[in-house]
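Working notes, structure below.
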Amino acid sequence: MKKVVSCILIVICIFTLYSYFHTEEIYVVKTFEKTSSELNNNSKEITNVTYYKMSDGTWKTDNHSYKYKLVLKGRLSNSIKDTTYIILSNTKNITFQQAVKASGLSSNTNDYFEIENAVIVGFS
């Protein structure tokens with residue numbers, strides 16, 4: 001009986017050690033480079049911050065990680081075409097109007113995103 005219990009404990013220890021030391025490495029799947037200033041006038045979509053899609057489904061800038069990539073489309077008042085904001089965020093609950101204000105069109109700095117929570121990485 002002692003041998004059976006010892007074998008079970010050894011197997012449990014092996015699985016515990018394996019799971020502790022075996023972690024999957026997260027790597028970059030795709031890089032979205034910052035649009036060069038030469039292309040800004042001709043580019044349909046402008047990326048103002050280089051960002052990355054990671055292998056675990058998250059998104060990352062050089063300094064922060066985010067759970068979601070949001071693409072918010074709407075029309076600014078008196079505009080002749082729609083505007084799209086590309087946002088990396090740790091919440092799904094960001095509206096187009098919040099993005100407009102956070103993009104610099106508000107004089108109230110409370111309307112801007114905290115970098116740990118969200119960042120506008122591009123627009124078109």
Side-chain angles (χ1 to χ4, degrees):
M1 185 68 175
K2 287 183 179 183
K3 287 184 179 183
V4 172
V5 172
S6 294
C7 286
I8 291 173
L9 288 175
I10 290 171
V11 169
I12 290 172
C13 287
I14 290 172
F15 280 118
T16 302
L17 288 172
Y18 176 78
S19 64
Y20 179 77
F21 289 108
H22 184 269
T23 57
E24 289 189 36
E25 187 173 326
I26 299 171
Y27 56 91
V28 174
V29 173
K30 185 171 182 181
T31 300
F32 298 84
E33 293 286 344
K34 181 178 179 178
T35 306
S36 80
S37 58
E38 297 165 359
L39 298 176
N40 277 350
N41 294 334
N42 301 326
S43 181
K44 188 174 185 177
E45 182 178 298
I46 296 173
T47 303
N48 54 356
V49 175
T50 297
Y51 66 99
Y52 314 92
K53 181 177 183 179
M54 306 305 290
S55 61
D56 65 350
T58 60
W59 300 85
K60 187 176 182 324
T61 62
D62 289 332
N63 300 315
H64 293 86
S65 295
Y66 302 94
K67 294 179 187 175
Y68 309 105
K69 177 181 178 181
L70 308 174
V71 179
L72 304 176
K73 189 173 187 176
R75 186 160 299 188
L76 300 170
S77 58
N78 299 323
S79 180
I80 59 172
K81 67 175 194 163
D82 286 346
T83 299
T84 303
Y85 289 101
I86 303 162
I87 301 170
L88 302 184
S89 173
N90 285 320
T91 178
K92 290 182 180 180
N93 301 327
I94 296 176
T95 66
F96 179 77
Q97 288 305 320
Q98 286 174 305
V100 169
K101 291 177 182 179
S103 70
L105 296 179
S106 173
S107 60
N108 185 349
T109 57
N110 291 330
D111 290 334
Y112 295 4
F113 297 136
E114 295 291 331
I115 194 73
E116 305 84 31
N117 300 327
V119 63
I120 298 174
V121 293
F123 59 92
S124 64

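The minimum heavy-atom distance linking Ile120 with Asn48 is given by the pair O-OD1, 3.4 Å.
A side-chain donor-acceptor contact under 3.5 Å links Ser89 to the backbone of Thr91. With hydrogens and angles ignored, the 3.5 Å screen pairs a side-chain donor or acceptor of Thr50 with a backbone N or O of Lys34.
We find the NZ-CG distance between Lys53 and Leu88 to be 12.0 Å, quoted to the nearest 0.5 Å. Separating the OG atom in Ser55 from the CD atom in Glu25 is a distance of 8.0 Å, to the nearest 0.5 Å. The structure places CZ of Arg75 at 10.5 Å from OG1 of Thr84, a figure rounded to the nearest 0.5 Å. In this structure, OG1 on Thr47 lies 8.0 Å from CZ on Phe32, to the nearest 0.5 angstrom.
Inter-residue side-chain proximity for Leu76 and Val100 is flagged as met; some heavy-atom pair is nearer than 4.5 Å.
Taking a 6.0 Å sphere around NZ of Lys60, one finds it holds more than 12 heavy atoms contributed by other residues, nucleotides or ligands.
Here Thr58 pairs with Asp56 under the side-chain hydrogen bond (donor to acceptor under 3.5 Å, both in side chains) rule; sequence neighbours left out.
Listed by first and then second residue, the ring-ring contact (aromatic ring centres under 6.0 Å, His included) pairs involving residues 103-124 amount to none (not counting sequence neighbours).
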Show me the donor-acceptor pairs within less than 3.5 Å that the side chains of residues 63-72 make with the rest of the protein, sequence neighbours left out.
from  : atom 1 : to     : atom 2 : distance (Å)
Tyr66 : OH     : Ile115 : O      : 2.4
Lys69 : NZ     : Tyr51  : OH     : 3.2

